[in-house]
Amino acid sequence: MPEENFFERVFDVVRQIPAGRVTSYGAVAQYLGSKGSSRVVGYAMGASVDAFPPVPAHRVVNRNGIVTGNLQQGNFKRRKQMLESEGIIMDDDAQIQNFKKLFWDPSVELKDS
DNA sequence: AGGGTGACGACTC
DNA sequence: AGAGTCGCCACCC
C-alpha cells in the first residue's frame, strides 16, 4: 500500500492515460479502491495544478463524458481544445463523441498489477 | 478535533 | 425528461 496521499495515486493513474483517450473520475476512484470517492478524484484534479509533473487532467471527464471544470471556465475551454488536439471529437461543446470507445478504464488497462 | 469543501455519481421527485 | 437532493470520502483550515 502506497504511503502517498490519495491525490498522488490519482495523479499517477491520470498520468498513465494515453493521449486521445479519456476516463472518468469514478473509474479512477474505483481503480483506487474508493469507488465512492469520485468527488475526491475530482478534487485531486483541482489540486493537480500543484502536482508535478503536470497531470493531464483534461483527459479526465465525468461519467457522462462531459468535460467539466467548474473550477475555472477558462481552463475548461482550453482543455477542450487540448482534447480535440489529441483527436477527441466534441459534440455540443463539452460532450465527447465515442466517449465509450475512447474510454480508458484504469481497472481494465492497468488491471490488477 | 471539528467542520467545510469539492473538476462526481446515483437516486428521487 | 429535467432539476433538485443526498451520499461519499479524502484534504485543508
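From a predicted model like this one, the values you see are computed outputs, not experimental measurements. Lettering of chains follows the sequences in order, A, B, ..., and the numbering in each one begins at 1.
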> Roughly how many Å is it from NZ in A/Lys35 to P in B/dC8, rounded to a whole number?
18 Å
> Whole angstrom is fine here: how far is it from CZ in A/Phe6 over to C1' in B/dC8?
12 Å
> Side chain of A/Ser24 only, heavy atoms from C-beta on: which candidate in B/dG9, C/dC11, C/dC9 is closest?
B/dG9
> Any donor-acceptor pair under 3.5 Å between the side chain of A/Ser37 and the base of C/dC9?
no
> For A/Phe7, which contact category applies under a 4.0 Å heavy-atom criterion: base, sugar-phosphate, or nothing?
sugar-phosphate
> For A/Ile17, is there any backbone N or O sitting under 3.5 Å from a side-chain donor or acceptor partner on A/Arg59?
yes
> Heavy atoms, side chains only, cut-off 4.5 Å: are A/Glu84 and A/Met90 in contact?
yes
> Looking across every strand, which nucleic acid part, if any, lies under 4.0 Å from A/Tyr25 by heavy atom: base, sugar-phosphate, or nothing?
base
> When you compare the side chain of A/Trp104 with that of A/Leu110, does any pair of heavy atoms fall below 4.5 Å?
yes
> In whole Å, I'd like the distance from the OH atom of A/Tyr31 to the P atom of B/dC8.
22 Å
> Where the side chain of A/Arg15 meets the backbone of A/Pro53, is there a donor-acceptor pair that is under 3.5 Å apart?
yes
> Rounded to whole Å, please give me the gap between CD1 in A/Ile66 and P in B/dC8.
11 Å
> Within the structure shown, what part of the strands sits under 4.0 Å from A/Gly46 by heavy-atom distance: base, sugar-phosphate, or nothing?
base
> Toward the 5' end of DNA chain C, which comes first, A/Ser38 or A/Tyr43, by nearest nucleotide?
A/Ser38
> What is the distance, to the nearest angstrom, from the CG atom on A/Asp50 to the C1' atom on B/dG6?
15 Å
> What is the distance, to the nearest angstrom, from the CG atom on A/Leu32 to the C1' atom on B/dC8?
14 Å
> Is there a side-chain contact between A/Val41 and A/Phe6, using heavy atoms and a 4.5 Å cut-off?
yes
> Rounded to whole Å, how long is the line connecting atom CG of A/Asn64 with atom C1' of C/dA1?
14 Å
> Select one nucleotide: of C/dC11, B/dC8, C/dC9, the one nearest the side-chain heavy atoms of A/Val40.
C/dC9
> State whether the distance check finds a donor on one side and an acceptor on the other, under 3.5 Å, for side chain A/Arg39 versus base B/dG9.
no
> Measure the distance from CD on A/Gln30 to C1' on B/dC8 and round it to the nearest whole Å.
13 Å
